[in-house]
Amino acid sequence: MQFIETRGNNGHNPQRVSFSDAILSPSASFGGLYVPQNIPKVNQPFLEKHLKSHYKTLALDFLQAFKIDIEEEVLKAALDRYDGFDDSTNPVPLSKIEKDCFVAELYHGPTRAFKDMALQPFGYILSKVAEQRGEEYLIMAATSGDTGPATLETFKNQKGVKVACLYPDGGTSDVQKLQMVTEDASNLKVIGVKGNFDDTQNALKALLASEDFKEELQERGIKLSAANSVNFGRIIFQIIYHIHLYLELVRKEEITLGDKVYLVVPSGNFGNALGAYYAKKAGLPIEKILISSNVNNILTDWIKTGSYDLTTRTLVQTESPAMDILKSSNIERILFDKFGDTRTKELMELLESEGRFTLGESELALLREDFDASFSDDEECNAVIGKYAKNNYIMDPHTATCMRAYETLREKPLMTIVYSTAEWTKFSPAVAKALGAEVPHDTDALDWVKKHANVTVPAMISGLFSKPIIHTVVVEKESIKREMLNFL
Ligand SMILES: *Cc1c(COP(=O)(O)O)cnc(C)c1O
């Protein structure tokens with residue numbers, strides 16, 4: 001399988017690259033992204049063959065159908081990362097919350113957010129490829145929450161990769177911060193930045209663009225890569241769980257093989273939703289992918305009206321911060337798949353120059369064949385959390401945004417999978433609030449919810465509060481570069 005570029009080729013870069021090249025250097029010509037030339041079939045015979053497969057068996061077969069340039073032993077070892085999840089035979093349990101609705105819990109990995117589903121195996125593969133090539137990569141991440149912990153966790157003590165993670169000091173939850181600053185490995189660096197997430201992200205972008213920083217890296221023989229969802233190496237693992245969950249519904253006799261289902265995906269950078277889209281394109285019987293957002297509902301507007309408009313918006317902080325995003329990177333891959341590279345380049349350039357673009361009527365109709373969308377504000381999410389808590393199911397605020405899409409967007413009475421992207425323990429003050437108590441600090445809120453809702457807190461969360469703090473550096477933006485070079 002070869003990978004091509006969403007904005008076409010600039011005449012200098014190769015026209016096509018291998019999977020390993022695409023994951024090591026994920027940015028393509030004209031600022032575009034890499035996409036596979038095609039997607040292997042997930043047809044009836046494939047699904048029948050895997051009716052009794054464990055997660056890893058299905059995953060290996062799907063990855064091999066992709067014919068990527070990664071040896072079987074490496075793929076197998078990468079998938080063995082799922083052994084660290086709560087249940088290695090079924091890393092993504094389903095919970096029935098309505099007669100025709102299941103929650104797919106994508107958060108049973110080491111950092112209790114769905115980022116682990118892809119980052120765990122991806123991190124192993126990336127560092128193996130770097131090691132095999134005898135190269136050294138630096139991955140820099142700015143995080144407001146879940147990406148930082150999951151990135152550090154997957155690369156800790158891995159060869160060929162160093163990770164530097166910047167977080168806004170005071171801009172993450174206690175649990176998220178502790179997950180980062182207690183990570184103890186010599187290839188990891190965590191830096192607190194004075195300012196908010198935007199300041200942190202802008203500081204990172206400035207550093208990545210700076211010529212003398214690049215020169216310094218070159219002198220040290222270090223290359224830059226990225227582990228955010230622009231990297232296709234993450235997306236490939238986000239196709240698999242949609243297939244597995246469909247088969248789970250068949251195994252539970254909730255549907256018959258071939259029946260269509262709705263998927264409801266809480267979206268930020270559209271990686272999870274893109275995985276669902278590729279699964280549908282590959283042949284998985286999906287009626288529609290319903291996109292849910294919080295009040296930063298630029299995706300709702302885009303899918304409803306065809307207009308993607310940054311100029312009328314400012315980012316609002318919500319109780320579902322992983323979805324507080326306005327520039328959603330993976331919609332570019334949808335544009336490419338539907339309209340081709342010339343049009344994608346045109347639309348993405350409009351977004352950069354004018355801050356907006358609008359699809360034509362027929363383009364919008366094509367988009368709406370696969371997607372519909374809605375959003376919920378914090379108040380609505382609190383009500384949803386409260387409602388399901390009464391039925392003894394505790395969900396986090398990101399998951400709660402999905403229930404409005406489930407209730408209002410389905411046109412047919414089909415079985416529905418709602419994706420739960422974080423365990424409640426990562427957002428315990430918000431969950432406590434939804435259950436009626438103001439408990440601002442994570443330690444107290446975890447206890448309060450635990451007692452009140454009769455749920456457990458996993459050891460990797462409760463243990464954080466007594467772990468030694470390794471990374472104590474908090475700096476002004478101007479000092480990030482110096483800290484980085486010290487680390488390298
Ligand atoms: C990252 C994240 C999302 C958004 O996922 P995308 O793939 O970026 O759309 C939603 N919820 C949680 C809890 C997350 O960490």
Side-chain angles (χ1 to χ4, degrees), residues 33 92 103-120 122 141-154 167 172-173 175-176 179-180 197 201 226-242 263-279 289-294 296-300 302-303 318-334 371 373 375-376 378 381 385 394-403 405 418-428 430-431 461:
L33 308 175
V92 202
V103 176
E105 298 173 357
L106 296 170
Y107 56 71
H108 287 268
T111 72
R112 314 316 279 174
F114 102 104
K115 302 288 188 284
D116 291 330
M117 283 305 298
L119 271 166
Q120 276 293 310
F122 164 74
T143 184
S144 63
D146 291 335
T147 305
T151 306
L152 295 165
E153 183 66 26
T154 193
Y167 69 92
T172 69
S173 77
V175 163
Q176 289 168 330
Q179 284 182 319
M180 294 186 272
F197 177 60
Q201 197 165 34
N228 51 15
S229 59
V230 304
N231 197 313
F232 194 84
R234 274 178 63 176
I235 302 298
I236 198 168
F237 289 103
Q238 296 189 342
I239 306 172
I240 297 165
Y241 52 74
H242 301 290
L263 307 182
V264 186
V265 184
S267 294
N269 267 328
F270 221 74
N272 197 358
L274 179 72
Y277 174 78
Y278 284 142
I289 301 155
L290 309 177
I291 301 300
S292 78
S293 302
N294 58 33
N296 296 296
N297 57 356
I298 195 161
L299 290 168
T300 317
W302 179 52
I303 291 166
T318 72
E319 304 275 24
S320 42
M323 290 151 56
D324 292 347
I325 286 176
L326 292 178
K327 263 193 166 172
S328 180
S329 356
N330 276 302
I331 65 160
E332 174 159 358
R333 289 187 164 112
I334 301 286
F371 296 103
F375 72 99
S376 302
D378 284 346
C381 288
I385 294 170
I394 301 292
M395 63 174 74
D396 98 295
H398 301 79
T399 314
T401 63
C402 294
M403 298 319 291
V418 160
Y419 287 91
S420 181
T421 47
E423 189 174 63
W424 70 269
T425 56
K426 293 201 84 171
F427 301 96
S428 55
V431 172
I461 298 290

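Each ligand, and each atom within it, is numbered from 1 in the order the structure gives. This is a predicted model, so every value here is computed, not measured. Scope of the values below: all heavy atoms of this structure, side chains included, with no hydrogens, waters or symmetry mates.
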- prompt: Are Ile291 and Phe270 side-chain neighbours, meaning at least one heavy-atom pair lies under 4.5 Å?
  reply: yes
message: By the definition side-chain hydrogen bond (donor to acceptor under 3.5 Å, both in side chains), identify the one residue from Asp324, Asp378, Thr300, Thr401 that meets it with Asn294.
response: Asp324
field: Passing candidate, side-chain contact (heavy atoms from CB on, under 4.5 Å) with His398, options Phe427, Phe114, Tyr419
entry: Phe427
- prompt: Given Lys115, Lys426, His398, Arg112, which has its nearest heavy atom closest to atom 1 (C) of ligand 1?
  reply: Lys115
Cationic N near anionic O, under 4.0 Å, Asp396 to Lys426: no
His242 and Tyr278 side chains, donor-acceptor separation under 3.5 Å: no
Numbering as shown, the atoms of ligand 1 that approach Ala322 to under 4.0 Å (heavy-atom distance): 2 (C), 11 (N), 12 (C), 13 (C), 14 (C), 15 (O)
message: With a 6.0 Å cut-off on the ring centroids, do Phe371 and Tyr277 count as close?
response: yes
Short N or O distance, Asp396 and ligand 1, threshold 3.5 Å exclusive: no
- prompt: Given Ile235, which of Asn272, Leu274, Leu33, Val230 fulfils the side-chain contact (heavy atoms from CB on, under 4.5 Å) condition?
  reply: Leu274
Nearest non-hydrogen protein atom, atom 8 (O) of ligand 1: Asn269 N, 2.8 Å
field: Atoms of ligand 1 close to Gly271 [distance to a heavy atom under 4.0 angstrom, numbered from 1]
entry: 6 (P), 7 (O), 9 (O)
task: For atom 7 (O) of ligand 1, state which one of Asn272, Leu106, Val265 supplies the nearest heavy atom.
output: Asn272
field: Numbering as shown, the atoms of ligand 1 that approach Ala422 to under 4.0 Å (heavy-atom distance)
entry: 13 (C)
field: Protein residue, atom and distance nearest to atom 11 (N) of ligand 1, heavy-atom basis
entry: Thr421 OG1, 2.8 Å
task: For atom 9 (O) of ligand 1, find the nearest protein heavy atom and state the residue, atom name and distance (0.1 Å precision).
output: Gly268 N, 2.7 Å
